[in-house]
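Remember, predicted model here, so these are calculated numbers, not experimental data. Start at 1 and go down the list; that is how both ligands and their atoms are numbered. Quick note: numbers below take in every heavy atom, side chains included, and nothing from hydrogens, waters or symmetry partners.
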Amino acid sequence: MLTSLLVVGVLIVIIPLYIWWKRMPYAHIPGVTQLGPFLPIKLPLVNKYMGGGAESPALEQLFRSGFVKDGVLRITACGVSRLFISDPDLIKDIALTRAKLFPKPPVYDILNIWGENIVSTNDSAWKKHRVVADPAFAENHMNYLVKESAKCINLSINRMEKSRSAFGLVINATEEMQDVTLDIIGKVAFGYDLGVFAPKDPVQPHKMTFENALKLTMTLGILVGGVLPKWARRFFPQTDIALNETELYMRELIKYRMDNLYDTGKHDLLSLLVSSNAEQIKETSLTDQELVSDVFIFLVAGHETSATTLSWMLYELMLNKHVQDKMYEEVKTVLSGLKFDELTVDTYEKLTYTKCAVTETLRKHPPVSGVPKMTRTDTTIGKYLVPKNTEIYLDVAQVQKNEKYWPDAKTFKPERFDPESSEYHKVKSCSFLPFSLGQRKCIGSKFSEIETAILIAYIVLNYEINNPKGDVYMNSKEVLQGDIRTESRITQSPLGLRVELKKRQA
Ligand code: HEM
């Protein structure tokens, strides 16, 4: 008994001392300290300031309350300090000028379910992945994406129409957009119909369809496969099956591509990736395992981010009728009468206003609200000394909401990106970074911009997007204030966003 009391007593003294000691090297950096660790949930008293991602309301509050000095905010949680950088000049310094000193932090290891990959590696290991992947994302391959995106949204529209009731057509936009972008990534990344809009049964020897395996892998699977040791997977039997099945499907698809290397009719990302890999010399080519891991990253990175952008765009269009009307005039002129197979990247280029609206959505609601980096050595950020191995977040959300760089930042205004408009605003360098910046910039930025513009263009061509009447959630005070609750998946999406789609008269 006495020993237990002694141990507890010592711990009560030692733990706070340790936390205080860990905070010392950061005490000179402006910021706040909380008792508890960085958790995805907010606990009163324990983690007052940091209870979620970089776009948590607590973080926003800190920005408004003047805790941020010189574009730097420190949050120390349970002795661990993270810095949030919201000054464009400092962002430029970290992401461009001295990028080598700020590599990716170990937080990305969670995505190493099938080994190291394009997103989790640094330096020469990363370069090898990027050299192989770059050609697959070249703009001249994007015609396939344009056509497939148009076909997928058409399938989605057909399915949505089946749920039309006497009261009209009201959809859960967040879920619908998740499905469309999954269908597209299946077809465009793998050349594989996941059956999102025409469900199918698993074919022997598979125990699960690729669609179901992927959906589980991309949610619980990332935690079970990326955090827990392999033996612990048995406690999550369904997730374990999903992880094994996802790998099996990806291996089959890669093998098929390798056996048909010279089939010029294939335009999907995987075919392009496998061909590009085959052209490398042995030392710079990727192993089968590395290819599997990269393909999985394209799925994770490319699916939810685009779905989130689309959901936010539907939300903004629903609240901004004038933007919707202007967009409708444009899409009617560009798309009417065109068959899906006639669509190309040039068609996309003609959607100038729609493209500005996509960019404005990415400004106001960046799906990746903070880009993590770390310090490789003791260094300075602005005027502050920062120790080696400190986690740094480029605070995309705060820079892009800052009135100093974005006048009237709260207003959804696509015109600010249109050089022809009187409201055009010359963007301060490094104050717009939804895809990050520099050599680690998103490889799929063009892919997602094209996909989002085509999908939204067809929705607007077919429907007026309205706020569903009488819907308790959408008529809530929060929404009327132009605010909405968000849910944290990999990105921050509008929580269960429902919109009414009213068919336009032909
Ligand atoms: C709106 C959609 C998207 C957004 C907002 C987005 C955002 C980002 C950001 C911020 C990064 C940098 C992450 C970091 O450095 O920590 C990134 C990297 C990456 N993204 Fe995206 N992304 C989107 C769509 C896509 C798509 C469609 C794909 C592929 C099909 C993709 C594949 C990747 C890959 C592979 C990387 C790692 C690149 C590298 O480190 O070389 N992303 N993305």
Side-chain angles (χ1 to χ4, degrees), residues 53-55 91 94-96 99 102-111 116-123 125-134 136-138 141-142 144-145 148-149 177 180-182 184-190 268-270 272-273 286 290-291 293-313 358-374 391-397 399-400 432-456 490-493:
E55 210 177 0
I91 288 176
I94 295 168
L96 303 176
F102 298 94
K104 291 280 182 84
V107 63
Y108 275 103
D109 293 351
I110 193 176
L111 293 173
E116 289 194 334
N117 51 59
I118 187 166
V119 95
S120 65
T121 42
N122 280 306
D123 308 317
W126 161 76
K127 190 100 197 152
K128 201 171 78 158
H129 288 270
R130 188 79 189 215
V131 166
V132 171
D134 266 334
F137 285 89
H141 295 311
M142 298 287 171
Y144 181 62
L145 169 68
E148 286 305 317
S149 300
M177 294 304 110
V180 188
T181 54
L182 184 63
I184 294 178
I185 206 88
K187 285 171 181 160
V188 180
F190 293 131
D268 56 274
L269 278 181
L270 186 55
L272 298 166
L273 197 71
L286 301 174
E290 286 171 322
L291 281 175
S293 196
D294 277 353
V295 166
F296 177 65
I297 293 300
F298 297 148
L299 268 162
V300 178
H303 161 230
E304 192 184 301
T305 45
S306 300
T308 296
T309 312
L310 279 157
S311 304
W312 281 119
M313 203 160 175
V358 173
T359 315
E360 175 67 342
T361 308
L362 288 165
R363 179 197 68 82
K364 208 173 159 211
H365 307 281
V368 180
S369 53
V371 177
K373 307 263 181 200
M374 68 185 282
E391 251 185 60
I392 312 276
Y393 282 80
L394 306 183
D395 203 330
V396 185
V399 191
Q400 294 186 177
F432 181 69
L433 60 150
F435 297 109
S436 187
L437 298 164
Q439 58 173 4
R440 297 305 295 258
K441 187 184 165 185
C442 174
I443 202 171
S445 58
K446 197 76 206 170
F447 183 108
S448 85
E449 282 169 341
I450 294 179
E451 175 190 22
T452 312
I454 295 292
L455 296 182
I456 205 76
I490 297 171
T491 57
Q492 301 271 326
S493 339

Distance to 0.1 Å, residue and atom name: give those for the protein heavy atom nearest to [atom].
| atom | answer |
| --- | --- |
| atom 12 (C) of ligand 1 | S436 CB, 3.7 Å |
| atom 40 (O) of ligand 1 | R440 NE, 2.9 Å |
| atom 38 (C) of ligand 1 | R130 NH1, 3.5 Å |
| atom 29 (C) of ligand 1 | F137 CE2, 3.8 Å |
| atom 37 (C) of ligand 1 | V119 CG2, 3.5 Å |

N/O to N/O below 3.5 Å, does that happen between [X] and ligand 1?
| X | answer |
| --- | --- |
| Q439 | no |
| W126 | yes |
| Y108 | yes |

For ligand 1, which atoms sit closer than 4.0 Å to a heavy atom of [X]?
| X | result |
| --- | --- |
| P367 | 5 (C) |
| P434 | 5 (C), 7 (C), 10 (C) |
| I118 | 35 (C), 39 (C), 40 (O), 41 (O) |
| T309 | 1 (C) |

So, the side chain of [X] versus the backbone of [Y]: is there a donor-acceptor pair under 3.5 Å, distance only?
| X | Y | result |
| --- | --- | --- |
| T309 | T305 | yes |
| Q400 | L433 | yes |
| S306 | G302 | yes |
| D123 | A125 | no |
| N117 | S293 | no |

Distance in Å, I185 CD1 paired with T181 OG1, rounded so as to fall on 0.5 Å steps: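 If we round to the nearest 0.5 Å, I185:CD1 and T181:OG1 are 7.5 Å apart.
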Point-to-point distance, once rounded to the nearest 0.5 Å, from CD of E304 to CG of L182: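 Answer rounded to 0.5 Å: 11.0 Å.
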What is the ring orientation for H365 with W312, classed by angle as parallel under 30°, tilted 30 to 60°, or perpendicular over 60°?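 H365 and W312: parallel rings.
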Side-chain heavy-atom pair W126, K104 within 4.5 angstrom cut-off: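 Answer no - side chains too far apart.
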Tell me which part of K104 gets within contact of ligand 1: side chain, backbone, both or neither, using heavy atoms under 4.0 Å.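 Answer for K104: side chain.
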Heavy atoms only, cut-off 4.0 Å: how does V371 contact ligand 1, side chain, backbone, both, or neither?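 The answer is the side chain of V371.
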Can you check the number of protein N/O/S atoms within less than 2.8 Å of atom 21 (Fe) of ligand 1?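 Protein heteroatoms (N, O, S) closer than 2.8 Å to atom 21 (Fe) of ligand 1 number 1.
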Should M142 and L145 be marked as a side chain to side chain contact (heavy atoms under 4.5 Å, CB included) after you check the CA-CA gap, both sets of side-chain angles, and the distance that decides it? CA-CA 5 Å; M142 298 287 171; L145 169 68; 3.8 Å; yes
Yes or no on side chain to side chain contact (heavy atoms under 4.5 Å, CB included) for R363 and F432, after CA distance, side-chain angles and deciding distance? CA-CA 7 Å; R363 179 197 68 82; F432 181 69; 3.8 Å; yes
Measuring centre to centre across the rings, with the benzene-like ring taken for any Trp, is F190 within less than 6.0 Å of F298?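 Centroid distance F190-F298: not below 6.0 Å, so no.
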For the pair E290 and K128, find out whether any cationic side-chain nitrogen is under 4.0 Å from an anionic carboxylate oxygen.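 The answer is yes: the pair qualifies as a salt bridge.
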